[in-house]
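Note sheet for the following structure.
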Amino acid sequence: MRSETPAAPVNDSAPGDGLVKTGVIVFAVGALATLVTVAPLFLGTDPFPTVAYCVSMLMGVGFLLAGAGVLRSIAAQRRQARAGSASPAQAR
């Protein structure tokens, strides 16, 4: 009966998933800010204040956050693989 809901909620999130999601959002905000700050150069209008250029630096911060999330996920998978491979060896 596939239409039934499971008794317990399934937690599919792995370590680092939150960092990756946050990094993607911060990267998107930084990319949008970069596009907005570059637009006056092509439109011939006055440039934005320095704060707008500082917000565009969030693109790099988002990239670092997502990278940290990926590395955390890799580390957790390696720990899990080592724990799984160590168990049968000890049973002998």
Using modelled atom types and a 3.5 Å cut-off, is there a donor and acceptor pairing between side-chain atoms of T22 and backbone atoms of G18? yes

Sorted by chain and residue number, the side chain to side chain contact (heavy atoms under 4.5 Å, CB included) partners of A76 (sequence neighbours excluded) come out as P15, R79

CG of L64 to CG of L71, rounded to nearest 0.5 Å, is 10.5 Å

With sequence neighbours left out, the residues meeting side chain to side chain contact (heavy atoms under 4.5 Å, CB included) with L19 are L65, A68, R72

Listed pairs under 3.5 Å, donor-acceptor, residues 28-56 side chains, sequence neighbours left out:
residue, atom, partner, partner atom, Å
T34, OG1, G30, O, 2.8
T37, OG1, A33, O, 3.0
T37, OG1, T34, O, 3.0
S56, OG, Y53, O, 2.5

For F63, the hydrophobic cluster (side chain heavy atoms closer than 4.5 Å, chained through members) also holds F27, M59

